[in-house]
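Notes follow the structure.
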2 protein chains.
Amino acid sequence: MNQLKEALDTLKDTGVRITPQRHAILEYLISSMSHPTADEIYKALEGKFPNMSVATVYNNLRVFREVGLVKELTYGDASSRFDFVTSHHYHVICEECGKIVDFHYPGLDEVEHLATHVTGFKVANHRMEIYGTCPDCSAKEVH
Amino acid sequence: MNQLKEALDTLKDTGVRITPQRHAILEYLISSMSHPTADEIYKALEGKFPNMSVATVYNNLRVFREVGLVKELTYGDASSRFDFVTSHHYHVICEECGKIVDFHYPGLDEVEHLATHVTGFKVANHRMEIYGTCPDCSAKEVH
DNA sequence: TATTACATTGTAATTGTTATAATTAGTTTA
DNA sequence: TAAACTAATTATAACAATTACAATGTAATA
C-alpha cells in the first residue's frame, strides 16, 4: 500500500528516470494530501533543493501527468493545482478560500453514454467540480 | 423571445448602462451561437468599433458575468470562453480541435445534495464538461 | 450649467507557464 | 573504463491572457 513506492515503480516501468527532484516532488504530493500549485511545491522543496528551478517542477509535473500519476486541475487565470491520482474522485471547491475537498462518487457513466449518443463524439472522459462555501467560511460569514 | 431584448432589459433592471460597445458584445454573443474568446469578440467587432480596447471587452464580459447573463468557461492556460446563458446545459469538448458542443442534460442535483451532506459545504453550483473527439476529427484520424 | 458617476481607451504591469540554451548527470556502447 | 550519447536540470528569457491604472470621454443628475 505504499503509494510512493508504487508511483516509483510506475516511473521505472515507463522508463522515466527517477531523479532526486522527481522523488521529492512525488513524495510531497503524496504526503501533503493536498492539491498544491506548482509554486507551492517549488517553495516547499527549496529547503531541500536550494537551486531547483521552477521549470523542473513544471517539467516533472507534466511527466507525471503523461504517465497518469498526477491530474492537473485548471481554473482559468489562477494557477493549476496538481492532484496525485489515487482512486477516482471529484472535488468540492470553496469559492471563498479556495479549499479543495475530495468527494467520492460513482463515475457519471450515464452522462458520458448519453453524450456519445447525442453528439456523436468519441467520449474519453469528463470533469466535474462542485462549488460552494466551506463550513469554516460559512461560519465566518455570520455577521 | 428576443434574447437580446431580454438581456438589455436585465441590464436596465440592474442599473447597468447600455453603451454601444455593450450592445454590440451582447449581440455578437447571442447571434454567433458559439463560445468565443475575448479576443475573438474583440476581432469580430473591430470593424464596427475601430478603437475599442480589449480592456473594454474584458470589463464588459465581467459585468455580464456578474449580472448572470454570461458564463465564463475556463481552461487552464488557454483563454477563457464566454457563453451566453440561455437554459442550463453542459458542454462536450473536442480535445483535437477545441470545438464545443452544447449538451442538454438534467442538472446533477443529486450529486450536489450528496456533496452538501458529505462535506458540509453550502453548495452553490457545479461544473461538468465532457471531453472526447468530435466526429470530424475522428474521421480524420483514420489512416 | 456644473457636478458627479460611470465607461472607455491605451498602455503598462502582472502572472502562470513554456521555450531555449548551456550545463550536468546518467546510461550505453565500444 | 572511456567515449558517445541521451536525458534532466538549471537559469533566464519569452509569451500570452488578463488586469490595473491614469487619462479622457460620455451620460445622468442636481
Side-chain angles (χ1 to χ4, degrees), chain A residues 7-8 10-28 35-67 69-83 98, chain B residues 7-8 10-28 35-67 69-83 98:
Chain A
L8 294 175
T10 305
L11 289 187
K12 214 179 283 175
D13 292 349
T14 48
V16 174
R17 219 173 266 174
I18 299 164
T19 65
Q21 292 88 337
R22 286 182 179 162
H23 193 285
I25 293 172
L26 270 181
E27 198 174 18
Y28 179 74
H35 309 81
T37 62
D39 199 60
E40 279 164 10
I41 298 171
Y42 175 65
K43 293 247 167 64
L45 300 181
E46 73 180 355
K48 223 190 257 181
F49 296 87
N51 24 341
M52 181 168 64
S53 166
V54 219
T56 301
V57 177
Y58 278 103
N59 286 339
N60 291 329
L61 287 170
R62 175 159 34 78
V63 170
F64 297 157
R65 171 160 49 81
E66 284 165 0
V67 176
L69 284 176
V70 159
K71 247 193 159 186
E72 182 174 357
L73 317 171
T74 60
Y75 308 107
D77 47 337
S79 37
S80 288
R81 299 181 158 275
F82 296 87
D83 188 20
Chain B
L8 294 175
T10 305
L11 289 188
K12 214 179 284 174
D13 292 349
T14 47
V16 174
R17 217 174 267 174
I18 297 164
T19 65
Q21 291 90 336
R22 285 181 180 162
H23 193 285
I25 294 172
L26 270 181
E27 197 175 20
Y28 179 74
H35 310 80
T37 62
D39 199 60
E40 280 165 9
I41 298 172
Y42 175 64
K43 294 249 168 64
L45 299 182
E46 71 180 356
K48 222 188 259 178
F49 296 87
N51 24 342
M52 180 168 63
S53 167
V54 219
T56 301
V57 177
Y58 278 103
N59 287 338
N60 290 329
L61 286 171
R62 177 161 32 78
V63 171
F64 297 157
R65 172 161 50 79
E66 285 165 0
V67 176
L69 284 176
V70 158
K71 247 194 158 187
E72 182 174 358
L73 316 171
T74 60
Y75 308 107
D77 45 340
S79 35
S80 289
R81 298 181 158 276
F82 295 86
D83 187 20

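Chain naming here is simple, since letters A, B, ... match the order of the sequence lines and numbering starts at 1 in each.
Distances shorter than 4.0 Å separate none of the side-chain N or O atoms of Tyr58(A) from OP1 or OP2 on dT18(C).
Note: CG (Leu73(A)) to P (dG16(C)) measures 16 Å, nearest angstrom. Note: CD (Glu72(B)) to C1' (dT19(D)) measures 12 Å, nearest angstrom. Between Ile18(B) atom CD1 and dA28(D) atom C1' there is a gap of 14 Å when expressed in whole angstrom units. Taking atom CG of residue Leu11(B) and atom P of nucleotide dA27(D), one finds them 17 Å apart after rounding to whole Å. Across the protein-nucleic acid pair, Lys12(B) atom NZ and dA28(D) atom P stand 11 Å apart, rounded to whole Å.
Shown for residues 37-47 of chain B: no residue has heavy atoms falling under 4.0 angstrom of DNA chain C.
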What's touching nucleotides 5-12 of chain D from the protein side, N or O pairs under 3.5 Å?
| from | atom 1 | to | atom 2 | distance (Å) |
| --- | --- | --- | --- | --- |
| dA7(D) | O4' | Arg17(A) | NH2 | 3.2 |
| dA8(D) | OP1 | Arg22(A) | NH1 | 2.8 |
| dA8(D) | OP1 | Arg22(A) | NH2 | 3.3 |
| dT9(D) | OP1 | Thr19(A) | OG1 | 2.5 |
| dT9(D) | OP1 | Gln21(A) | OE1 | 3.4 |
| dT9(D) | OP2 | Asn60(A) | OD1 | 3.2 |
| dT9(D) | OP2 | Asn60(A) | ND2 | 3.4 |
| dT9(D) | O3' | Gln21(A) | NE2 | 3.1 |
| dT10(D) | OP1 | Gln21(A) | NE2 | 3.3 |
| dT10(D) | OP1 | Asn51(A) | O | 3.2 |
| dT10(D) | OP2 | Ser53(A) | N | 3.2 |
| dT10(D) | OP2 | Thr56(A) | OG1 | 2.8 |
| dT10(D) | O5' | Asn51(A) | O | 3.0 |
| dA11(D) | OP2 | Asn51(A) | O | 3.2 |
| dA11(D) | N7 | Ser53(A) | OG | 3.2 |

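The two residues Ala7(A) and Leu69(A) make their nearest non-hydrogen contact at O-CD1, 3.9 Å. The two residues Phe82(B) and Val70(B) come nearest to each other via the heavy atoms CD2-CG1, 3.9 Å.
For Arg62(B), there are no salt bridge (Lys or Arg N to Asp or Glu O under 4.0 Å) partners two or more places apart in sequence or in a different chain.
Atoms CG and NZ, from Asp83(A) and Lys71(A) in turn, are 8.0 Å apart once rounded to the nearest 0.5 Å. For the atom pair CZ of Arg81(A) and CD1 of Ile41(A), the computed distance is 10.0 Å after rounding to the nearest 0.5 Å. Put simply, CD on Glu66(B) and CG on Leu61(B) are 11.0 Å apart, with the number rounded to the nearest 0.5 Å.
Where pairing requires Watson-Crick or G-U contacts shorter than 3.5 Å, the helical stems of DNA chain C with at least three consecutive pairs are C:1-30 with D:1-30.
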Side-chain donor/acceptor pairs under 3.5 Å, residues 42-53 of chain B, sequence neighbours excluded:
| from | atom 1 | to | atom 2 | distance (Å) |
| --- | --- | --- | --- | --- |
| Lys43(B) | NZ | Asp39(B) | OD2 | 2.8 |
| Ser53(B) | OG | Ala55(B) | N | 3.0 |

Distance-only donor-acceptor hits, side chain of residues 13-21 of chain A, under 3.5 Å, sequence neighbours excluded:
| from | atom 1 | to | atom 2 | distance (Å) |
| --- | --- | --- | --- | --- |
| Thr14(A) | OG1 | Thr10(A) | O | 2.8 |
| Thr14(A) | OG1 | Leu11(A) | O | 3.1 |
| Thr19(A) | OG1 | Arg22(A) | N | 3.1 |

